[in-house]
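Worksheet: the structure to be examined is printed underneath.
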Amino acid sequence: MFDTIEQLENDILAARDLDGAVLVRRLRELWGEVISENETLREEALKASTLNKILKSEVVRLKRQIAKLTKAQFGAKADHNPNNATYDRSSCVDDQKAKDAENNANGDKENGQASDGQPEAKEKRPRNTSGRGARVWPEHIEKRRIYMGTEDRRCPCGCGGGIAEIEENETLEVIPAQYYVAVREYPKYRCRLHDKIIGTIFEPRVFPKTTMSNTLMANSITMRFGWQLPWHRQEKIFLSKGIELSRSTLMRWSHRLANEALLPIYQLMEQELRTNSERLFMDETTLPMLQPGKGQTKTSYLYALLRDDRSFSGNKPPVVIYYPRDTRAMRHIHDILKGVSTILQTDSYAGYGRLGRQGTPVEQITPVKCWAHARRNFTDEYEFNKTPDAKTVIRIIAELYKEEEKIRGKPPLIRAAHRRQFSDPILDRLRTFLIAHADRHLSKSKMGQAIRYVLRQWSDLTRFVDDGRIDLDTNAVERMFKPTVLLRKNALFLGSDEGGEAWGIHSSIIETCKLNAVKAEPYLKWVFDQIAMKLRRSEYEKLLPWNAPPELRIKH
């Protein structure tokens, strides 16, 4: 044991030959310096420890952000359920082969085939998932028979032998697009009866004083907004054919068609969507817009409002309307939904936070939130930190989706009854688990935030149990942005507000055509022809995509 300060002081004072008071004073001064230096070192160590924790937390945050951005850029878009085993495609194929062999054997036994010793007729085996077997072409695809033998149908060696049999080989061929200039000759007749010149009525076009044909613009608009081919690439396609047709001309024609010819159809679609929908989806995405004179782009937004009742066997045609807006402000959402009375499924963006509140323009809206967004927080947490609680939550949510698969496309009453019986107990188990484990995670941690998000949105997340018209997530409307994202990547930016309006109108009509299995290019040509023939506005109802003639439908 070391001596204490008091013992040392007493020993020094007892010494006869030493000046004890001086030594004690010096000792106290030295000890004070040691104490002061020790306190300073303690403070510095505490600061270093605190800084170390902050830096570690920042490193973890940055690593998580990098992982999230890497996943967004290069990873799969769908959430991965860690509770599922790895999918083995080969085993599934082998199982399918075994089942096919067993079914064929059973069929032979039942039908008593091959028992007479006669050869069986060769049948084309159905094409399996590995690409083997005969391909079955759609019935509407024309088949052209091309004879590849000698002209006289005799043996090429000159022996005179005829054809024993013909072996067929099928390949899918394509005729490249061809452009031509239509020179229409409109004769003028000398009428002897009335003694005057009688002309021929010109073929109607939407904009007759241009070289733009209805067919060309139907093709160009479909290429851009249906298959995401921007104007500058179309310009190069024309140049490859020796045709000089600038991107600015194509763009100017497209804007004029959207804001003049197709605007009434867009407005009718919007009116139908707003006034005759039981359940809607809504979401938004970014659209860069060029700022003239600055050489930079600003962020504008494209909202999508979707009606798709096929999940609950609804009989109303699906329709999507796109709204370009300059910001993501709440006022734009309220302006779009003003006066609408329906169920609206959205994500948890704060701009949707006042839906259904009394005294707002959107008080007639019944808000519903998305389970896919709620699950994403837990999948990100497990992917980065391997948190066991996150894995458990993902597994429970997967049980909800498994129950949904059983009632997809069923009427609302059947869906609601099934959910009350099977989904409600799963939700009770999930909520109990979240409440019990909430205190195990820091409130500012990602897991703690994910738990609080679900508990805070619980009423909007569970509204689907008692209403069979509601889906679990907003994936339906998010799929509507895939063409927009591809075109945004290819075209880089919008040039003007007029271009944004044209983007919304053209995309609404073409994507609604896709939803209703209507061929977009022939449909646009048909619409342009009808408008050119001065169809009355009161009859524009028949021009809506879901009212298109049968010959414009996609045949399966």
Stepwise side chain to side chain contact (heavy atoms under 4.5 Å, CB included) test for Tyr349 and Asp283: CA-CA 9 Å; Tyr349 168 54; Asp283 201 3; over 6 Å; no
Side-chain heavy atoms of [X] within contact of [Y], under 4.5 Å:
X: Ile333; Y: Tyr303; answer: yes
X: Asp308; Y: Met480; answer: no
X: Leu486; Y: Trp227; answer: no
X: Asn259; Y: Glu498; answer: yes
X: Tyr523; Y: Ile510; answer: no
X: Ile509; Y: Val527; answer: no
X: Asn516; Y: Pro318; answer: yes
X: Thr346; Y: Lys369; answer: yes

Ring-face cation contact, Tyr453 with Arg456, 6.0 Å cut, 45° max: no
Checking the side chain of [X] only, and the main-chain atoms of [Y] only, is there a donor and an acceptor separated by less than 3.5 Å?
X: Gln228; Y: Gly226; value: yes
X: Thr432; Y: Asp428; value: yes
X: Gln449; Y: Ser443; value: no
X: Glu363; Y: Gly359; value: yes
X: Ser254; Y: Leu250; value: no
X: Ser445; Y: Gly448; value: yes
X: Asp467; Y: Arg469; value: yes

Which value, rounded to the nearest 0.5 Å, describes the distance between [X] atom [atom1] and [Y] atom [atom2]?
X: Ile397; Y: Leu427; atom1: CD1; atom2: CG; answer: 9.5 Å
X: Leu400; Y: Phe422; atom1: CG; atom2: CZ; answer: 13.5 Å
X: Met269; Y: Arg307; atom1: CE; atom2: CZ; answer: 10.0 Å
X: His506; Y: Ile221; atom1: NE2; atom2: CD1; answer: 4.0 Å
X: Leu355; Y: Ile343; atom1: CG; atom2: CD1; answer: 13.0 Å
X: Lys56; Y: Asn52; atom1: NZ; atom2: CG; answer: 4.5 Å

Side-chain H-bond candidate by donor/acceptor type, Thr285 with Arg488, under 3.5 Å: yes
Thr360 side chain to His334 side chain, donor-acceptor N/O pair below 3.5 angstrom: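 Looking only at side-chain atoms, His334 and Thr360 do not form any donor-acceptor pair under 3.5 Å.
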If you count heavy atoms of other groups shown closer than 6.0 angstrom to [atom1] of [X], is the number above 12?
X: Glu551; atom1: CD; value: yes
X: Asp497; atom1: CG; value: no
X: Trp137; atom1: CH2; value: yes
X: Leu413; atom1: CG; value: no
X: Arg354; atom1: CZ; value: no

State whether [X] and [Y] are salt-bridged, where the test is any N-O pair (Lys NZ or Arg NE/NH1/NH2 against Asp/Glu carboxylate O) under 4.0 Å.
X: Arg415; Y: Asp471; answer: yes
X: Lys525; Y: Asp529; answer: yes
X: Arg408; Y: Glu405; answer: no
X: Lys406; Y: Glu403; answer: yes
X: Asp335; Y: Arg325; answer: yes
X: Lys446; Y: Asp380; answer: no
X: Arg419; Y: Glu404; answer: yes
X: Lys316; Y: Glu272; answer: no

Ring geometry between Trp231 and Phe225 (parallel below 30°, tilted from 30 to 60°, perpendicular above 60°): perpendicular
Aromatic plane relationship, Trp458 with Trp371 - under 30° parallel, 30 to 60° tilted, over 60° perpendicular: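 It falls in the perpendicular class, over 60°.
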Taking every non-hydrogen atom, the tightest pair across Ile531 and Ala261: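 What the structure gives for the nearest pair is CD1-O, 3.5 Å.
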Candidate pair Tyr266 and Glu501, rule side-chain hydrogen bond (donor to acceptor under 3.5 Å, both in side chains), full reasoning: CA-CA 11 Å; Tyr266 174 85; Glu501 295 294 333; 6.0 Å; no
Test log, rule side-chain hydrogen bond (donor to acceptor under 3.5 Å, both in side chains), inputs His373 and Ser348: CA-CA 8 Å; His373 286 81; Ser348 60; over 6 Å; no
Derivation of the salt bridge (charged side-chain N to carboxylate O under 4.0 Å, His left out) call for Asp460 and Arg463: CA-CA 5 Å; Asp460 291 345; Arg463 193 164 280 128; 2.8 Å; yes
Criterion side chain to side chain contact (heavy atoms under 4.5 Å, CB included) on Leu337 and Met282, from CA distance to verdict: CA-CA 10 Å; Leu337 299 173; Met282 191 172 186; 3.8 Å; yes
Working for side chain to side chain contact (heavy atoms under 4.5 Å, CB included), residues Phe378 and Arg395: CA-CA 10 Å; Phe378 295 101; Arg395 177 181 56 79; over 6 Å; no
Trace of the side chain to side chain contact (heavy atoms under 4.5 Å, CB included) decision for Ile365 with Thr342: CA-CA 5 Å; Ile365 297 290; Thr342 186; 4.0 Å; yes
